[in-house]
Number of protein chains: 2
Amino acid sequence: MSVERILVVDDEPQIQRFLRPALSAAGYEVLEAMTGAEALKAAATTAPDLVILDLGLPDMDGKEVIANLRGWSQVPIIILSARDRESEKIAALDLGADDYIEKPFGIGELTARIRTALRHRVQMEGGQTQLSADGVSIDTIKRVVTKDGQPLRLTPKEYDLLVMLAHHAGRVVTHKTLLTSVWGVAHGEDLHYLRVFIGQLRGKIERDPADPRIIRTEPGVGYRFVGDDG
Amino acid sequence: MSVERILVVDDEPQIQRFLRPALSAAGYEVLEAMTGAEALKAAATTAPDLVILDLGLPDMDGKEVIANLRGWSQVPIIILSARDRESEKIAALDLGADDYIEKPFGIGELTARIRTALRHRVQMEGGQTQLSADGVSIDTIKRVVTKDGQPLRLTPKEYDLLVMLAHHAGRVVTHKTLLTSVWGVAHGEDLHYLRVFIGQLRGKIERDPADPRIIRTEPGVGYRFVGDDG
DNA sequence: GCGCGCGCTGAGCCGTCTTTGAGGAGGGCG
DNA sequence: CGCCCTCCTCAAAGACGGCTCAGCGCGCGC
């Protein structure tokens with residue numbers, strides 16, 4: 001397993017200064033966000049393995065952040081909060097948070113709860129760097145896509161879209177997940193973008209774009225990348 | 001979802017007297033055990049959906065119970081404890097417990113954490129084999145339904161309906177439950193939708209749609225998904 | 001300035017899914 | 001036996017989602 005990446009969302013610098021070295025020492029890579037908007041953007045662009053979220057953010061309610069994240073991502077979320085009102089806890093957990101820790105807390109407990117949350121995560125083949133399907137192969141390290149050995153010219157958006165789909169090979173990726181990760185959280189509803197770019201991608205990678213084998217449409221839900229193993 | 005069964009392991013009668021009515025009121029079926037040995041036996045024989053475990057047991061250390069359970073079961077475990085030593089929490093979580101709640105606690109928080117833990121279980125089960133019945137198998141992670149190995153084309157509503165029924169395999173799901181979960185609360189009375197779509201589903205998954213084996217009609221009540229195990 | 005590649009937007013067409021309606025089979029009960 | 005309630009089937013409309021194409025704007029290199 002490669003190093004897990006944790007997004008820490010907190011507007012208090014002292015918390016960041018406390019958590020960053022502690023989590024680094026525990027072997028995690030730490031990403032930071034100070035506001036809810038930053039957090040959503042970072043979650044979409046960097047796809048962290050876990051999110052630690054302070055409920056008290058300057059720009060939006062932490063509960064909104066949870067709800068937005070859960071609209072398109074299954075990433076584990078651990079809430080940190082100084083508020084110990086039971087209704088807050090219940091609301092956050094029912095919105096989809098995975099754990100809720102009250103301040104003050106010990107770093108040992110936090111890392112133990114992080115390990116627990118990461119255990120829950122459904123095992124996926126995220127670390128793949130080489131994928132292939134029907135003559136098309138993707139090398140995410142070289143950032144090169146070839147079809148029958150010939151290199152293909154893909155635009156940045158086309159490439160991001162293809163990689164996102166390929167990382168979830170065999171599974172359906174919802175419209176919202178694709179839009180959020182490729183275009184950003186602000187475009188989670190712009191379905192039309194997706195249709196146009198899927199069309200362009202198919203034109204480049206499919207043998208017969210009218211009968212797509214690699215990128216299948218799942219009506220009303222999203223798209224599915226079908227790899228060589230089915 | 002059928003009624004989830006929760007095993008409460010605690011040797012203090014007042015805790016049992018407190019939890020039993022509270023959990024029953026929240027819609028769960030409560031099983032009880034007073035000792036670690038009883039708990040392990042009960043877990044093995046009744047296969048509860050979740051275990052609530054007090055660390056302070058008379059006959060053995062709660063941590064042993066966790067370790068033993070984890071040797072053969074993935075059932076979610078929530079620890080209750082009056083001991084708030086951080087090392088206890090860390091040890092329990094790293095042994096495989098899913099959550100750790102300190103006494104005293106609110107019943108609202110407990111049920112919220114129960115819901116969270118049960119949510120995880122559904123995710124994990126989805127990753128496993130998933131249900132099969134009479135040649136039809138459903139994989140909710142890939143979102144694929146196959147019949148005798150051949151993938152089936154199901155529309156979104158058909159798929160939602162089938163998954164809803166399969167999640168409650170062996171039990172009757174009422175018309176109203178199906179309608180509100182697939183079509184939304186506004187269509188809780190549109191029984192006709194259900195009849196049409198059940199008909200379409202049977203046409204696709206049953207060997208003989210006129211003599212349905214997988215989706216049985218329960219006249220006046222609802223429908224029942226019958227899995228391979230009965 | 002000019003051309004080009006890329007991303008975004010709008011319009012139109014098409015196929016499928018959903019909804020709706022009508023008609024008929026089966027079973028319980030007076 | 002005949003009525004009525006529940007359930008099933010079939011078919012057609014309309015709505016919706018999906019695909020394609022054409023065009024515009026922007027930034028970059030020449």
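Owing to the predicted nature of the structure, the values given are computational and were not obtained by experimental measurement. Order of the sequence lines sets the chain letters (A, B, ...), proteins ahead of strands, with each chain counted from 1.
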Could you list, one pair per line, each protein nitrogen or oxygen that sits under 3.5 Å from a nitrogen or oxygen of nucleotides 24-30 of chain C, together with the distance?
none

Atom pairs under 3.5 Å: protein N/O with N/O of nucleotides 6-9 of chain D:
residue: dC7(D); atom: OP1; partner: Gly220(B); partner atom: N; Å: 2.4
residue: dC7(D); atom: OP2; partner: Arg195(B); partner atom: NH2; Å: 2.0
residue: dC7(D); atom: O5'; partner: Arg195(B); partner atom: NH2; Å: 3.4
residue: dC8(D); atom: OP1; partner: Arg202(B); partner atom: NH1; Å: 2.7
residue: dC8(D); atom: OP1; partner: Thr217(B); partner atom: OG1; Å: 2.5
residue: dC8(D); atom: OP2; partner: Tyr223(B); partner atom: OH; Å: 2.8

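- Residue Tyr193(B) has its side chain nearest to dT20(C) when only dT18(C), dT20(C), dG7(C) are considered.
- Within the 4.0 Å cut-off from OP1 or OP2 of dT18(C), at least one side-chain nitrogen or oxygen of Thr155(B) is found.
- Taking atom OH of residue Tyr159(B) and atom P of nucleotide dT18(C), one finds them 14 Å apart after rounding to whole Å.
- When the C1' atoms of four end pairs are superposed on the next four at each end of the helix from dG1(C)-dC30(D) to dG30(C)-dC1(D), using five pairs per end, the two resulting axes differ in direction by 10°, to 10°.
- What separates CZ of Phe197(B) from C1' of dC17(C) is a distance of 7 Å, to the nearest Å.
- Between Arg153(B) and the phosphate of dT16(C), there is no side-chain N or O to OP1/OP2 separation shorter than 4.0 Å.
- Defined by atom type and a distance below 3.5 Å, a donor-acceptor pair is present between the side-chain atoms of Arg202(A) and Thr217(A).
- Interatomic distance, CD1 of Ile198(A) versus CD1 of Ile215(A), reported as 4.5 Å (0.5 Å rounding).
- The phosphate of dT19(C) (OP1 or OP2) has a side-chain N or O of Trp183(B) nearer than 4.0 angstrom.
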Query raised in the report: Should Tyr28(B) and Ile114(B) be marked as a side-chain contact (heavy atoms from CB on, under 4.5 Å) after you check the CA-CA gap, both sets of side-chain angles, and the distance that decides it?
Result: CA-CA 10 Å; Tyr28(B) 301 107; Ile114(B) 288 173; 3.7 Å; yes
